[in-house]
Every structure is written in C-alpha cells, then in structure tokens.
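All remarks here apply to the structure that follows.
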There are 2 protein chains.
Amino acid sequence: MTSAAPRRGRRPGAPDTRAAILASARELFAASGYAGTSMRAVAAAAGVDAALVHHYFGAKDDLFLAALQVRVDPRVAMLPVIEGGVDGAGERLMRVFLSVWDDEDSRLPLLALFRGIVEPNGQQLVRDGFVRMVLGPVGAALDLDQAERRMTLVASQLVGIVVLRYLVLVEPLVSMPADELVATYAPTLQRYLAGPLP
Amino acid sequence: MTSAAPRRGRRPGAPDTRAAILASARELFAASGYAGTSMRAVAAAAGVDAALVHHYFGAKDDLFLAALQVRVDPRVAMLPVIEGGVDGAGERLMRVFLSVWDDEDSRLPLLALFRGIVEPNGQQLVRDGFVRMVLGPVGAALDLDQAERRMTLVASQLVGIVVLRYLVLVEPLVSMPADELVATYAPTLQRYLAGPLP
DNA sequence: TGCACAATTCATCACATGATGAAAAACGCG
DNA sequence: CGCGTTTTTCATCATGTGATGAATTGTGCA
C-alpha cells in the first residue's frame, strides 16, 4: 500500500489558503495577543505548514499588521456622531461604538489591536494613536472646550466596556442588548462630553 | 593578577536577596505580564543568577503567585465605602480605589494581577473573582437592587481608568490629582450604584 | 578551629519559537 | 506533451525559555 504520510507539494483545488491563514491569525491574535500567538499555532489552525505563513506574509510583525487591517475608517464611522452637534452626541457615539464592536468582522482586528496596545511594547500605539486618531477629531469637530480631556474621559468608559464585554466576557455585560447599553452609558458619555468639569 | 570574573558562592554581607528578587518580579510582571516576563529577566534585574530565582521561589507560577500577594484585604478596604450607606457611596468608592492604586506597594501587584487577567488563560480569575470578591460584597452590603448588574457597571468605569491611567499611561489622566478624579468620576459611579436603570 | 548548612553560580537539558532555503507537487500555458 | 510558475512541505539553524543538579563559597555554631 502507498504511504499514508501527507503528500507534499501543492494542494489540489483552489483553496484560498492566504485568506484562511489571515482568518486564523485574526482569531488567534484577538484571543491571545501578539506574543501569545505563535506562527506555528496560526499555521496549525489554518491546517497548513508553518513555512507557508512566512511565504505569504513574511515576518510575524507583517502578519500581525495584516491581521490588524480593518475596513472601518474612523473618520467615516464617526461622521454621524459629529453631524448632530453636541446634543445627543453621547448616545450617537455609544451607538457607533457598539455597532463596530458587535460586528465580528471588525471586532477581531480591533481586539487584536487592543491586545497589542495592552501588551508591552505597543503602548505608544494607543497613547498617541487611538485617542488622537479616532476620538480626537470628534472632540475637535464638536467644538468642545478642553476636548482632549473630555475625550480621555470618554475613552476611559469605553475602554472599560471593551475589556469587560469583549475581552474578559463578564456577565451580565455580554448579554445586555445594545439598546440597554445605550440607555445605560449614553448619559455618562454625554456628561463627559458636555457636562461641567471640576 | 587575580581573576576579574565574578566569584561564585555565597555573597558577603547579609543582602536580602529574596526580597530583591520579589521586588524585581513585581515590577516586571506589572510591566510586561506573565508571559512577557522571563525568569532570566527577573534574575538579571535583581543582579542574580537565574537558578537562584528557582531556588527561592520554585517554578514560574509560584513566583507569579508570590508577586501577586498584596497586603490589602478588600473586605477591610471597602469598609468605609459600605458604612456610610448609599448616599455618597460613589465618592467614597472612588477615594478608596485611588488610594489603593496610587500606592506603589499595592499598585504593582494589582497591575500584575490585572495583566494576568487580561492575558489569555487567566480570564476566569476576574470573571468570577474580582467582581465577586471585591465589588460583590459592596453591592450586597449597600443593599442595592440588581447588585450584580450595578457593580458590573461600576467595574466597567474603574477598569477603564486602570487601563488608561495605570497601564497605558494616557495623559491627561496620569497627571490628574486625586481630588479632580473623584470630582469627575464620583457622579458616574453614584449613578451606576443608585441611579435609575433602563 | 572545624564542620554543617545556606546562598550562590555554572553547566546543561529538553523544548518551543521565528526564520530560511531547498525540494517536491500541482497547475496552466504553449 | 513539456516547461515554467506558484503553492506547499521538509529539513534545519540559531536563539531564548523553564528547569534541574552539581559544584563552589561564605556564615555561624559547636
């Protein structure tokens, strides 16, 4: 009988192996972070030899960057928040936030990004990146006083929700429907955006 | 001339090497998490051979557990929060929270713990531990309706502050004095504790 | 002084990881 | 069919890791 060992060389059919690898990478980076995800684990999850991952994506950093690519442009997503003016901005911001994070296509890259931020050696990415890139423009467009400070307060609430609801999966936060979350958190965000500051 | 190589064997004097190792471990675990901290790095930071770390603390898990030990008993620390009743509980909770996290002796173990939670393979620790162990009793003692839900909301705000102020070090949150933080966040906490829920 | 014991270091193992280069297999085009 | 190209795997290297056991040196007690 012929050998039962896995045959080498090109696999038949036309499987989009590159996409499969990228999907596995997204899942693993989102679940275990950069350091906690090995190239071999990604390859195994995609049912593929480890060298193939390098072949398609190069070094581990490149794969991580590729896994981070998300089709959401913050400036576009934030438009509805900005357009309505300050009134009700907290509620609209909460709605956009939830719609992005509850969509699995964007959640995985965002989780991977967040893990990259919380892990060592990635901190400057959010410190100067996240707040300034996505929340900063909102604050400026809404023409707030002390925009940076107010946006940091907003971030402090949203980041907490990310950790509990999407990262650590704490009940009852995971099961709360979007409307309830909006009703709960919109007043907080609104106060940070436009309320009095000490 | 005699050899300049470091002499082996016991070092003179009576340096508390064990404490030095533990201190280095606390710092590194707090800064880089469990997986991101190697036994060799701890040893190097303490100016000691790697085997000595094993000699004193055994396996890496044991060292991590030792680094997590903190002298703050949640039930004791939370007493002043509970005693005053619901009125002003948000402000008192915020004060206790800041006093614990602004104290370096407790911050390092807490940061290490938090990193252990956010890292993979440690999630059940906070999922059933933190909320139930430190915030749960507060909710019960304050005799709130829907205590679990309210305490999770409180946690979602506090966790966000931990990430931004103590982990990622985002300005202007790092530089804000405690009084200003209390004035800013106490109303939010108070609303989560005793305000209307949707 | 001598001796047991603790503190410290060295040498090493087994293993996982990131990475590279070459070989093999399937496909497509002429 | 034959040949080049792409896809896939194998074999391998250098490195860092956690861990262990033996060897060495200092301290304190009898």
Side-chain angles (χ1 to χ4, degrees), chain A residues 2-25 28-29 31-67 112 115-116 119-122, chain B residues 2-25 28-29 31-67 112 115-116 119-122:
Chain A
T2 57
S3 160
R7 291 170 306 168
R8 324 180 37 158
R10 183 170 186 169
R11 285 193 289 189
D16 195 346
T17 313
R18 204 193 128 97
I21 293 174
L22 190 56
S24 299
L28 288 175
F29 279 132
S32 307
Y34 177 85
T37 300
S38 72
M39 301 291 274
R40 287 167 157 89
V42 172
V48 148
D49 187 273
L52 197 55
V53 181
H54 279 100
H55 173 67
Y56 276 121
F57 293 95
K60 189 182 179 182
D61 293 13
D62 304 324
L63 176 62
F64 187 62
L65 286 181
R115 286 216 118 103
E119 275 178 19
N121 315 327
Chain B
T2 58
S3 160
R7 291 171 305 170
R8 321 178 42 157
R10 183 170 186 173
R11 284 193 289 188
D16 194 346
T17 313
R18 203 193 128 98
I21 293 174
L22 190 56
S24 299
L28 289 176
F29 279 133
S32 307
Y34 178 85
T37 300
S38 71
M39 301 290 274
R40 285 165 157 88
V42 171
V48 148
D49 188 273
L52 196 56
V53 182
H54 279 99
H55 173 65
Y56 276 121
F57 292 95
K60 190 182 178 183
D61 294 12
D62 303 324
L63 176 62
F64 187 62
L65 286 182
R115 285 218 119 103
E119 273 177 21
N121 316 327

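Sequence lines set the chain letters: A, B, ... in the order given, protein chains first and strands last, and positions in each chain run from 1.
- Rounded to whole Å, atom C1' of C:dG18 lies 9 Å from atom OH of A:Tyr34.
- Nearest heavy-atom pair across B:Ala112 and B:Phe64 is O-CZ, 3.8 Å.
- A distance of 11.0 Å separates NE2 of B:His54 from CD1 of B:Ile21, quoted to the nearest 0.5 Å.
- With hydrogens and angles left out, the side chain of B:Arg40 and the base of D:dG18 share a donor-acceptor pair within 3.5 Å.
- Mapping B:Asp49 and A:Asp61 onto DNA chain C by nearest heavy atom places B:Asp49 closer to the 5' end of the strand.
- Of the candidate nucleotides D:dA19, C:dA7, C:dA19, C:dA7 has the atom lying nearest to any side-chain atom of B:His55.
- Taking 4.0 angstrom as the limit, A:Tyr56 places none of its side-chain polar atoms (N or O) nearer than this to OP1 or OP2 of D:dT6.
- When the side-chain nitrogen and oxygen atoms of B:Thr17 are compared with OP1 and OP2 of C:dA7, none of them lie within a distance under 4.0 Å.
- Side-chain atoms of B:Lys60 come within 3.5 Å of backbone atoms of B:Thr37 as a donor-acceptor pair (strictly under, hydrogens ignored).
- The shortest heavy-atom contact between A:Leu63 and A:Ala25 is CD1-CB, 3.8 Å.
- Distance from the side chain of A:Ala51 is smallest for C:dT20 among the nucleotides C:dC10, C:dA19, C:dT20.
- The CG-C1' distance, from A:Leu52 to D:dT6, rounds to 11 Å in whole Å.
- Between the NE2 atom of A:His54 and the P atom of D:dT6 there is a distance of 21 Å, rounded to whole Å.
- Distance A:Leu28 CG to C:dG18 C1': 16 Å, rounded to the nearest Å.
- In this model, the phosphate group of D:dG16 is not approached by any side-chain N or O of B:Ser38 to a distance below 4.0 Å at OP1 or OP2.
- Here the nucleotide nearest the side chain of B:Ala59, chosen from C:dA7, D:dA19, C:dG18, is D:dA19.
- Picking from D:dA19, C:dG18, D:dT9 the nucleotide with the shortest atom distance to the side chain of A:Lys60 gives C:dG18.
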